[in-house]
Amino acid sequence: MAQEISNGNHNSASKPPPTPSPLRFSKFFQSNMRILVTGGAGFIGSHLVDKLMENEKNEVIVVDNYFTGSKDNLRKWIGHPRFELIRHDVTEPLLIEVDQIYHLACPASPIFYKYNPVKTIKTNVIGTLNMLGLAKRVGARILLTSTSEVYGDPLVHPQDESYWGNVNPIGVRSCYDEGKRVAETLMFDYHRQHGIEIRIARIFNTYGPRMNIDDGRVVSNFIAQAIRGEPLTVQAPGTQTRSFCYVSDMVDGLIRLMEGENTGPINIGNPGEFTMLELAENVKELINPNVEITMVENTPDDPRQRKPDITKATELLGWEPKIKLRDGLPLMEDDFRLRLAVPRKN
Ligand SMILES: NC(=O)c1ccc[n+]([C@@H]2O[C@H](COP(=O)([O-])OP(=O)(O)OC[C@H]3O[C@@H](n4cnc5c(N)ncnc54)[C@H](O)[C@@H]3O)[C@@H](O)[C@H]2O)c1
Ligand SMILES: O=c1ccn([C@@H]2O[C@H](COP(=O)(O)OP(=O)(O)O[C@H]3OC[C@@H](O)[C@H](O)[C@H]3O)[C@@H](O)[C@H]2O)c(=O)[nH]1
């Protein structure tokens, strides 16, 4: 019967409907969801891949240029029949067929995004344009991982999604925060002009296993320092605040946003707020009570406070974080001790 159809012989009304080709039940004809994760070799991306791969209906394709990510984060999936890994820079166009795009590709640690600021803004602007072009061509739904940095040094506290932010357009962080603001604009313009299905997550500081040991972000710095017995470097004045979300909670929020009906932007983060001195004290108490806490110079335009209002995420996605900072830090410590080869002393 499949043969008849392929010969174009399907004009007889008396014939029963064709039975599906046996190929329909092979790998290529299943109603699988083919999902692209850009930046999937990075910290959040690799945890997202782990979760997506748990569903046997998902085929996952990762593209990454390995600037801050590593194949090692995806080691267990390499060779799996539902998984593909492509070395590719999102600033170049990509022609593949997918149903959903999680667009994460972008260096996230301030040290790395400031290292080559022109490349960072190209990644945010040209990279997002390329992924939107792909979404438009194949009709895929696309989720952008934007950031709490779009609120800049916020004058509203906590930050809800209606706040437009307080961002320096010419500062050293602008390649990232203004880059993400343009990426959000592009997402909405493609949505309004071309009807693309979009989702925007505004991610607040996220931590957990697989962060680069020398990533430069505060949680990974403090944990590595505590394990090595080095002083914890609090950047002055130490009263600046952040709200830290454990990575499994983050991945759960991103998947709910992708699968739900709301475009966003939606804040995804843990509202528990800590000063950097409090974070250092927690790390010291939990990991190494013998380390010192030292005050060092800060970098320009460091936001003084940050805490998400997650009313929208709770009401629209039924999402809220489950893991408290003091429970998440020891989970990250285990991973860091393994990679630094420093076992716990009993
Ligand atoms: N972790 C956080 O606290 C946080 C907070 C807000 C937003 N975000 C966003 O979440 C996403 C992931 O962050 P992360 O913490 O996992 O960072 P990460 O640096 O571990 O991961 C980013 C990944 O993107 C890849 N990449 C960078 N530029 C690329 C390019 N031009 N082409 C292809 N791949 C490229 C890197 O190699 C890396 O694998 C980023 O978009 C980031 O802006 C993260
Ligand atoms: O060793 C350190 C590192 C950092 N810090 C402080 O810790 C705070 C947080 O700094 P991080 O570098 O971890 O992260 P930031 O909050 O500046 O940026 C972050 O927020 C939003 C995301 O989009 C970015 O991916 C992420 O890097 C800052 O106030 C910084 O001054 C220290 O006190 N000591």
Side-chain angles (χ1 to χ4, degrees), residues 37-49 62-71 73-74 86-92 94 102-114 116 119-120 122-124 126-128 130-131 143-151 153 173 176-177 179-180 183 201-208 210-212 215-225 230-245 247 250-251 254 267-269 274-277 279-280 283 293-306 308:
V37 181
T38 76
F43 160 53
I44 299 178
S46 62
H47 286 279
L48 174 65
V49 169
V62 165
V63 307
D64 205 294
N65 69 352
Y66 307 124
F67 175 46
T68 53
S70 157
K71 279 185 203 167
N73 289 334
L74 297 167
I86 306 171
R87 178 189 286 267
H88 176 82
D89 194 305
V90 294
T91 59
E92 301 294 334
L94 181 68
Y102 285 89
H103 179 37
L104 281 72
C106 178
S109 167
I111 288 184
F112 287 97
Y113 72 60
K114 290 187 225 171
N116 184 345
K119 180 64 195 253
T120 300
K122 279 187 183 170
T123 296
N124 277 317
I126 301 171
T128 303
N130 283 332
M131 291 309 115
L143 180 150
L144 170 75
T145 51
S146 183
T147 168
S148 52
E149 293 222 22
V150 299
Y151 302 122
D153 187 10
R173 298 177 86 101
Y176 184 77
D177 51 29
K180 290 280 189 182
R202 288 191 181 148
I203 298 183
F204 283 63
N205 297 58
T206 302
Y207 71 100
R210 289 194 204 142
M211 287 185 91
N212 271 333
D215 180 89
R217 283 180 275 189
V218 67
V219 182
S220 43
N221 273 8
F222 285 179
I223 291 190
Q225 288 162 344
E230 296 166 357
L232 310 187
T233 53
V234 173
Q235 293 176 352
T239 49
Q240 70 272 32
T241 66
R242 294 293 188 273
S243 305
F244 298 102
C245 185
V247 66
M250 178 56 55
V251 164
L254 293 177
N267 290 340
I268 306 192
F274 297 83
T275 68
M276 293 311 100
L277 266 171
L279 175 68
V283 170
I293 296 177
T294 174
M295 197 67 74
V296 300
E297 206 182 324
N298 206 334
T299 53
D301 292 344
D302 184 42
R304 278 165 290 186
Q305 53 181 357
R306 190 181 288 162

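Atoms considered below: every heavy atom in the structure, side chains included; atoms not considered: hydrogens, waters and symmetry mates. Counting starts at 1 for both ligands and their atoms, in listed order.
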**Q.** G39 neighbourhood, listing ligand 1 atoms whose heavy-atom distance to it stays under 4.0 Å
**A.** 23 (C), 24 (O), 25 (C), 39 (O)
Q: Taking only heavy atoms of A108 into account, list the atoms of ligand 2 that are under 4.0 Å away from them.
A: 24 (C), 25 (O), 26 (C), 27 (O)
Q. For atom 16 (O) of ligand 1, what's the nearest protein heavy atom and its distance?
A. I44 N, 2.8 Å
Q. Taking L48 as the fixed residue, which of L143, V37, V62 is the one that meets the side chain to side chain contact (heavy atoms under 4.5 Å, CB included) rule?
A. V37
Q. Quick one: which ligand 1 atoms are inside 4.0 Å of a heavy atom on F67?
A. 37 (O)
(Q) I want to confirm something. Looking only at heavy atoms, which of I86, N65, N130, V62 is nearest to atom 34 (N) of ligand 1? (A) N65
Q: Could you find the nearest protein heavy atom to atom 17 (O) of ligand 1 and give me its residue, atom name and distance?
A: A108 CB, 3.4 Å
Q.
On a heavy-atom basis, I'd like to know which of M211, Q225, R242 is closest to atom 16 (O) of ligand 2.
A. R242
Q: Between C106, S220, S146, flag the one that comes closest to atom 22 (C) of ligand 1 by a heavy atom.
A: C106
Q) Between P107 and ligand 1, does any nitrogen or oxygen pair lie at a separation below 3.5 Å? A) no
Q.
Between the side chains of D302 and R242, is the shortest nitrogen-to-carboxylate-oxygen separation below 4.0 Å, so that they form an ion pair?
A. yes
Q) To the nearest 0.1 Å, how far is atom 37 (O) of ligand 1 from its closest protein heavy atom, and which atom is that? A) D64 OD1, 2.6 Å
Q) Considering only heavy atoms, does K180 approach ligand 1 within less than 4.0 Å through its side chain, its backbone, both, or neither? A) side chain
Q | N65 and its side-chain hydrogen bond (donor to acceptor under 3.5 Å, both in side chains) partner, picked from T91, D89, T123 | A | D89
Q | Location of contacts on T233 toward ligand 2, heavy atoms closer than 4.0 Å | A | both
Q.
I need the nearest protein heavy-atom contact for atom 40 (C) of ligand 1: residue, atom name and distance, please.
A. L104 O, 3.1 Å
Q: With side chain to side chain donor-acceptor pair (under 3.5 Å) as the test, would you mind laying out the steps for Q225 and T233 before giving the verdict?
A: CA-CA 8 Å; Q225 288 162 344; T233 53; 2.9 Å; yes
Q: Between T123 and ligand 1, find which residue part has any heavy-atom pair under 4.0 Å and reply side chain, backbone, both or neither.
A: side chain
Q) With a 4.0 Å cut-off on heavy atoms, is R173 touching ligand 2? A) yes
Q. Where the closest heavy atom to atom 4 (C) of ligand 1 is concerned, which of L144, I203, D177, D215 has it?
A. I203
Q. Which of the atoms in ligand 2, numbered in the order shown and given with their element, are less than 4.0 Å from a heavy-atom of V234?
A. 33 (O)
Q: Could you tell me whether R202 approaches ligand 2 through its side chain, its backbone, both or neither, with non-hydrogen atoms closer than 4.0 Å?
A: neither
Q: Answer yes or no for F204: is there a heavy-atom contact with ligand 2 below 4.0 Å?
A: no
Q) Counting heavy atoms only, which part of R217 comes closer than 4.0 Å to ligand 1: side chain, backbone, both or neither? A) side chain
Q) What protein heavy atom sits nearest atom 20 (O) of ligand 1, and how far off is it? A) F43 N, 2.9 Å
Q | Parallel, tilted or perpendicular: rings of F67 and F112 (30°, 60°) | A | perpendicular
Q | Subset of ligand 2 atoms that lie under 4.0 Å from at least one heavy atom of T147 | A | 21 (C), 22 (C), 23 (O)
Q. With a 4.0 Å cut-off, would you call R173 and D301 a salt bridge?
A. no
Q. Taking non-hydrogen atoms only, is E149 closer than 4.0 angstrom to ligand 2 via side chain, backbone, both or neither?
A. side chain
Q | side chain to side chain donor-acceptor pair (under 3.5 Å) between Y151 and N267, intermediate numbers included | A | CA-CA 11 Å; Y151 302 122; N267 290 340; 2.8 Å; yes
(Q) Heavy-atom contact check, 4.0 Å cutoff: does K180 meet ligand 2? (A) no
Q: Go through ligand 2 atom by atom and flag the ones less than 4.0 Å from a non-hydrogen atom of N298.
A: 31 (O)
(Q) Once you restrict to heavy atoms under 4.0 Å, what part of Q235 touches ligand 2? Side chain, backbone, both or neither. (A) both
Q. For ligand 1, does Y176 get within less than 4.0 Å through its side chain, its backbone, both, or neither, judged by non-hydrogen atoms?
A. side chain
(Q) I need the atoms of ligand 1 closer than 4.0 Å to a non-hydrogen atom of G69, numbered in the order shown. (A) 36 (C), 37 (O), 38 (C), 39 (O)
Q. Looking at Y176, which atoms of ligand 2 are within less than 4.0 Å of one of its heavy atoms?
A. 22 (C), 23 (O), 24 (C), 25 (O)
Q | Enumerated ligand 2 atoms positioned under 4.0 Å from heavy atoms of N205 | A | 14 (O), 15 (P), 16 (O), 19 (C), 20 (O)
Q) Are any of the N or O atoms of Y113 closer than 3.5 Å to those of ligand 2? A) no
Q) Within the structure, does R306 bring an N/O atom to less than 3.5 angstrom of an N/O atom in ligand 2? A) yes
Q. Just which atoms of ligand 2 are under 4.0 Å from any heavy atom in N221?
A. 1 (O), 2 (C), 3 (C)
Q: Distance to 0.1 Å, residue and atom name: give those for the protein heavy atom nearest to atom 18 (P) of ligand 1.
A: T68 OG1, 3.7 Å
